Amino acid sequence: MNPRTLDKVVALIGLAIVIVEIVFLRPPAEHMLIIAIGAGLMLLSNWHFASRLLHKRANVALRTEIGKHLELVRQLYRARSTGDSAAIHETKPQLRDSLERIIHAASAIQEEEN
């Protein structure tokens with residue numbers, strides 16, 4: 001399910017809870033608690049918490065490899081900024097290896113989709 005759709009569904013559930021509680025039920029002591037829960041669901045959906053909590057992150061391996069690659073790029077930039085040629089020569093092969101892992105992770109995802 002699309003994260004935006006999930007947020008809308010949670011908001012509609014919250015709205016339905018509030019409407020049902022106000023229109024159809026008598027006001028006992030729990031009345032305000034149930035309305036607060038419904039309003040809370042609507043508020044959570046406005047902050048997009050439902051999609052963050054319930055949405056399954058896709059391509060975790062690829063995201064991880066890209067994050068590692070970006071860190072290596074930052075290391076290379078720092079090494080070039082300071083003129084540390086040893087660090088530059090050490091980082092370049094790591095970058096190449098990182099690109100190979102990214103390609104492998106992306107290929108695995110593509111094979112899963114087909």
Side-chain angles (χ1 to χ4, degrees):
M1 180 180 286
N2 184 345
R4 290 183 183 195
T5 305
L6 183 61
D7 286 327
K8 289 177 184 177
V9 168
V10 170
L12 290 175
I13 291 171
L15 182 64
I17 289 172
V18 171
I19 289 173
V20 166
E21 188 65 21
I22 290 173
V23 173
F24 296 111
L25 300 177
R26 294 183 204 146
E30 301 87 26
H31 186 67
M32 291 307 292
L33 177 65
I34 294 173
I35 289 177
I37 290 171
L41 286 174
M42 290 188 297
L43 185 62
L44 285 177
S45 108
N46 285 338
W47 287 340
H48 306 290
F49 278 134
S51 61
R52 290 181 192 154
L53 294 175
L54 301 177
H55 185 66
K56 180 182 173 186
R57 286 202 83 149
N59 310 327
V60 175
L62 181 59
R63 288 174 184 260
T64 302
E65 287 302 327
I66 290 173
K68 291 176 184 176
H69 183 77
L70 289 174
E71 184 57 38
L72 288 171
V73 169
R74 290 182 189 112
Q75 286 178 9
L76 181 64
Y77 178 74
R78 282 192 298 268
R80 287 193 184 219
S81 297
T82 60
D84 187 1
S85 62
I88 292 170
H89 291 297
E90 183 180 311
T91 306
K92 281 184 179 181
Q94 292 175 353
L95 277 169
R96 287 186 194 100
D97 292 341
S98 175
L99 283 175
E100 289 298 321
R101 288 191 304 270
I102 288 171
I103 291 168
H104 178 70
S107 297
I109 291 167
Q110 190 174 19
E111 289 173 4
E112 287 176 9
E113 291 176 355
N114 293 333

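In this chain, numbering begins with 1 at the start of the sequence shown. These figures come from a predicted structure and were not determined experimentally.
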Reported [atom1]-to-[atom2] distance for the pair [X] and [Y], which is rounded to 0.5 angstrom:
{"X": "L70", "Y": "L95", "atom1": "CG", "atom2": "CG", "result": "10.0 Å"}
{"X": "Y77", "Y": "I88", "atom1": "OH", "atom2": "CD1", "result": "12.0 Å"}
{"X": "I102", "Y": "S107", "atom1": "CD1", "atom2": "OG", "result": "11.5 Å"}
{"X": "H69", "Y": "L99", "atom1": "NE2", "atom2": "CG", "result": "4.5 Å"}
{"X": "E90", "Y": "D84", "atom1": "CD", "atom2": "CG", "result": "8.5 Å"}
{"X": "H104", "Y": "L62", "atom1": "NE2", "atom2": "CG", "result": "11.5 Å"}

Check: Q94 main-chain N/O paired with S98 side-chain donor or acceptor under 3.5 Å:
no

Run the salt-bridge test on E71 and K68 with the 4.0 Å N-O cut-off and return the result as yes or no.
no

